[in-house]
Amino acid sequence: MYPTDLTQTQWQFIKKALDFDDRKRKYDLIIIWNAINYLVKTGCQWRLLPHDFPKWQLVYYYYSKWSNLEIFDLLLSKLREKVRRDRGQKSQASLGIMDSQSVRWGNNRSLNGFDGAKKVKGIKRHVVVDKNGFLLAVMVSVANIHDSKAALLLMKTLRYLLIPLQVILADGGYRGGIIEEIKTKLGYIIQIVMRSDKKEKGFEPLHKRWIVERTFSWFDNDRRLCRNYELLMETSENMVKLSAIKLLLNKI
């Protein structure tokens, strides 16, 4: 057993949420999920999965199949709703917090651009989270894409996932005509939260904006997300979703 292995309670939730059948297989699907969790946590290559897991080709087959069927989005949604209800909250979030995280590249073949503001060569993860820091939507671009230009595509992802947010908090990087364009085209209201000019002693976190920064620190706990080794933006997004799923599974 590895520390990343699912408990029976977690696996029963996944089976029920995704309506997996109980037909006989050479390898139980829980073993496939354990292998994917191991890969996300340790950051190893597909071909370097330990031999006590099924062959990496089989694990990747199921990963690719579930990705194409948008299984990860469905499971993330059901997990988020359950954890929110367990906390006495409504199942659907009404408030979102939006921000981006620049991530360094891991090899010469991976996606990369240069973020001049943060001096990072690699990719940029654009995310929206709820008030708990739980992932609502993610979109990956090269690092030189400005936040305001990526915001419209991120909001379209939110709309595709049918997430009915009323207000989305964001930093000053999202100022400009994009706010009105998003409100007109998609109906989302973006509020800019800026640090006041009044200087206070010590560190003072911005209202609710610190929540998304904590989410980024959760991502960094998984070595697959510390740097970007993925060749496709879709794969980079899936790794973020799997990290968020793993986090929520530990909360049920």
Quiz item: Given V127 and Q101, is the side chain to side chain contact (heavy atoms under 4.5 Å, CB included) satisfied, shown in steps?
Solution: CA-CA 8 Å; V127 305; Q101 178 191 35; over 6 Å; no
Would a 4.5 Å heavy-atom cut-off, applied to side chains only, mark [X] and [Y] as touching?
X: M139; Y: M233; answer: no
X: L75; Y: F13; answer: yes
X: L165; Y: S94; answer: no
X: L247; Y: S243; answer: no
X: L39; Y: Y63; answer: no
X: C44; Y: L49; answer: yes
X: V240; Y: L135; answer: yes
X: M98; Y: L154; answer: yes

Rounded to the nearest 0.5 Å, how far does [atom2] of [Y] lie from [atom1] of [X]?
X: I179; Y: Y174; atom1: CD1; atom2: OH; answer: 11.0 Å
X: R84; Y: L79; atom1: CZ; atom2: CG; answer: 13.5 Å
X: K41; Y: L225; atom1: NZ; atom2: CG; answer: 10.5 Å
X: K26; Y: I31; atom1: NZ; atom2: CD1; answer: 11.0 Å
X: L48; Y: H51; atom1: CG; atom2: NE2; answer: 8.5 Å
X: Q8; Y: W11; atom1: CD; atom2: CH2; answer: 9.5 Å

Taking everything shown except [X] itself, do over 12 heavy atoms lie less than 6.0 Å from its [atom1]?
X: R214; atom1: CZ; answer: yes
X: R47; atom1: CZ; answer: no
X: R85; atom1: CZ; answer: yes
X: Q45; atom1: CD; answer: no

All pairs passing salt bridge (charged side-chain N to carboxylate O under 4.0 Å, His left out) where [range] contributes a residue, at least two apart:
range: residues 52-63; result: none
range: residues 235-252; result: D73-K241, D222-K246
range: residues 131-153; result: K124-D147
range: residues 179-190; result: E181-K185

How far apart are the closest heavy atoms of [X] and [Y], and which atoms are they?
X: S141; Y: H126; result: OG-NE2, 2.9 Å
X: L74; Y: A17; result: CD2-O, 4.4 Å
X: I163; Y: Y188; result: O-OH, 2.9 Å
X: Y38; Y: P50; result: CE2-CD, 3.4 Å
X: I190; Y: A170; result: CG2-CB, 4.0 Å

Taking [X] for the side chain and [Y] for the main chain, is one N or O donor matched with an acceptor at less than 3.5 Å?
X: R175; Y: G172; answer: yes
X: T215; Y: I211; answer: yes
X: N34; Y: L6; answer: yes
X: N68; Y: S64; answer: yes

Quiz item: When hydrophobic residues are tied together by side-chain contacts of less than 4.5 Å, even through go-betweens, does L158 share a cluster with I189?
Solution: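 No, because L158 and I189 fall into different hydrophobic clusters, even though each may have its own neighbours under 4.5 Å.
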Self-check item: Single-linkage hydrophobic cluster, 4.5 Å side-chain cutoff, V120 and V138 together
Solution: no
Self-check item: Aromatic centroids of W105 and Y229 separated by under 6.0 Å
Solution: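 Not close enough - the centres of the two rings lie 6.0 Å or further apart.
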Exercise. Just grab all the side-chain hydrogen bond (donor to acceptor under 3.5 Å, both in side chains) pairs involving residues 158-172, residues at least two apart or on different chains.
Key: E70-Y160
Quiz item: Is there a side chain to side chain contact (heavy atoms under 4.5 Å, CB included) between L76 and L242 once you walk through the steps?
Solution: CA-CA 8 Å; L76 180 60; L242 286 166; over 6 Å; no
Quiz item: Between S102 and F114, is a side chain to side chain contact (heavy atoms under 4.5 Å, CB included) present by the stated rule, with each step listed?
Solution: CA-CA 9 Å; S102 295; F114 186 74; over 6 Å; no
Quiz item: With sequence neighbours excluded, what pairs up with T157 under the side chain to side chain donor-acceptor pair (under 3.5 Å) test?
Solution: none
Self-check item: Residues forming a side chain to side chain donor-acceptor pair (under 3.5 Å) with R80, sequence neighbours excluded
Solution: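 For R80 there are no side chain to side chain donor-acceptor pair (under 3.5 Å) partners, ignoring immediate neighbours.
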Quiz item: Who pairs with K15 by salt bridge (charged side-chain N to carboxylate O under 4.0 Å, His left out), at least two apart in sequence or on another chain?
Solution: D22
Practice problem: Please name all residues satisfying salt bridge (charged side-chain N to carboxylate O under 4.0 Å, His left out) with K82, sequence neighbours left out, ordered by chain then number. | Solution: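 Applying salt bridge (charged side-chain N to carboxylate O under 4.0 Å, His left out) to K82 gives D86.
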Self-check item: side-chain contact (heavy atoms from CB on, under 4.5 Å) involving D19 - partner list, sequence neighbours excluded
Solution: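 Listed in chain order: nothing, the list is empty.
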Quiz item: Which residues pass the side-chain contact (heavy atoms from CB on, under 4.5 Å) test with S148, sequence neighbours left out?
Solution: H146, I178
Self-check item: Test ring pair (Phe, Tyr, Trp, His ring centres under 6.0 Å) applied to F53 and W46, step by step
Solution: CA-CA 11 Å; F53 288 125; W46 289 99; over 10 Å; no
Self-check item: Counterpart residues, ring pair (Phe, Tyr, Trp, His ring centres under 6.0 Å), relative to W56 (two or more places apart)
Solution: none
Under 3.5 Å, is there a donor on one side chain and an acceptor on the other for [X] and [Y]?
X: N37; Y: Y2; result: no
X: Q10; Y: N250; result: yes
X: Q89; Y: N132; result: yes

Quiz item: Do W33 and Y62 pass the ring pair (Phe, Tyr, Trp, His ring centres under 6.0 Å) test, and can you show the C-alpha distance, the side-chain angles, and the key distance before you say yes or no?
Solution: CA-CA 9 Å; W33 274 97; Y62 276 104; over 10 Å; no
Self-check item: Intermediate values then yes/no, side chain to side chain contact (heavy atoms under 4.5 Å, CB included), I168 and I97
Solution: CA-CA 5 Å; I168 300 172; I97 305 110; over 6 Å; no
